[in-house]
Engineer: 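Let me give you the structure first, and then I'll get to my questions.
The figures here come from the full heavy-atom set of this structure, side chains too, leaving out hydrogens, waters and symmetry mates.
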Amino acid sequence: MSLDLSHLDVLLVEPSPTQQRIIRELVAAAGLLRVREAASMSEALAQMREKAPDVVISALYLPDADGTDLVRAMRDTPALQSVAFVLVSSETRPHALDPVRQSGVCGILPKPFSGPQLQRVLLATLDYLGDSAANDDDAEYDAMRVLLVDDSANARRFMRRVLESVGFVDIVEAEDGRDAVDLLERTLFDLVVTDYNMPEMDGRALVEYVRQQSWQASVPILMVTSESDMGRLAAVEQAGVSGICDKPFEPAMLRSLLKGALQQRAA
């Protein structure tokens, strides 16, 4: 698939000169031509204050912080909240990656990464930035009301932008399952998008409540989660979730899950 990336301003945050060179060559081959470099979080933030990039591609471990600290600092800065963030890391442990997943990232690339892996993440990034071609089916979504449930404000902000990129306009937010239940009792929704791990009432309990007790028992429910425990995910499927999507939350995957969930409801 051909992607027009030449107009994007990219900030590459990587302390290793060797890794900088390797990643720069790979992204240049993919069409990213405007690439700046920083070797630390402090240097990256200083450059972003002078000129906000479109995309930040960052290593997880930096000399003065880590990638999670960097993306959180960006999400806490109004001028940088909408900058796309891509993590590049050889880390595979869930406890090391979950915090950055929860902070709102367009993709996580392994180190080293392949051309197809980079293409997939760049497509998700263009969708997030609103630079991809509109989907022919998007028009139907602007009349739908969505309930977005996540205890992380940063994750909700990221997921809201992805939902808006697909075509949704009417999006109501809830901070956890309990808050969502209160909203479901008094407001009609066409779709629920929820996290799994939340305080008070988690995603599984929310799905069980909707399917067994709510007057909106047939509403499609999509779960967006970094949960990797297959037993827990199987329990969520048994509870009646319409689809499960990994974090990072990709517009292409969302469109596919939405089609399936809405077709099931219409059947």
Engineer: Once salt bridge (Lys or Arg N to Asp or Glu O under 4.0 Å) is applied, do any residues pair with Asp9, and if so which ones, sequence neighbours excluded?
Structural biologist: Arg36, Lys51
Engineer: Under a single-linkage rule joining Ile, Leu, Val, Met, Phe, Trp and Tyr whose side-chain heavy atoms are separated by less than 4.5 Å, which residues share a cluster with Leu97?
Structural biologist: Leu11, Val13, Met41, Leu45, Met48, Val56, Leu60, Tyr61, Leu62, Leu70, Val71, Met74, Leu80, Val83, Phe85, Leu87, Val100, Val105, Ile108
Engineer: I'd like to check the salt bridge (Lys or Arg N to Asp or Glu O under 4.0 Å) partners of Glu25; sequence neighbours left out, ordered by chain and number.
Structural biologist: Arg21
Engineer: Check whether any side-chain heavy atom of Phe158 lies under 4.5 Å from a side-chain heavy atom of Ser103, and answer yes or no.
Structural biologist: no
Engineer: Could you list all the salt bridge (Lys or Arg N to Asp or Glu O under 4.0 Å) pairs where at least one residue sits in residues 106-118, not counting sequence neighbours?
Structural biologist: Glu14-Lys111
Engineer: Which atoms form the tightest heavy-atom contact between Leu118 and Ala30, and what is the distance?
Structural biologist: CD2-CB, 3.6 Å
Engineer: Hey, does Leu206 have a side-chain heavy atom less than 4.5 Å from the side chain of Val149?
Structural biologist: yes
Engineer: Where is the tightest heavy-atom contact between Pro99 and Arg72, given as atom of each residue plus distance?
Structural biologist: CB-NH2, 3.7 Å
Engineer: Kindly write out the residues that satisfy salt bridge (Lys or Arg N to Asp or Glu O under 4.0 Å) with Glu43, not counting sequence neighbours, or none if the list is empty.
Structural biologist: none
Engineer: Mind checking salt bridge (Lys or Arg N to Asp or Glu O under 4.0 Å) for Arg24 and listing every partner two or more places apart, or none if nothing turns up?
Structural biologist: Glu37
Engineer: Of the non-hydrogen atoms in Tyr128 and Arg161, which two are nearest, and what is the gap between them?
Structural biologist: O-NE, 2.9 Å
Engineer: Ignoring hydrogens, what is the shortest heavy-atom contact between Pro15 and Ala59? Give both atom names and the distance.
Structural biologist: CD-CB, 4.3 Å
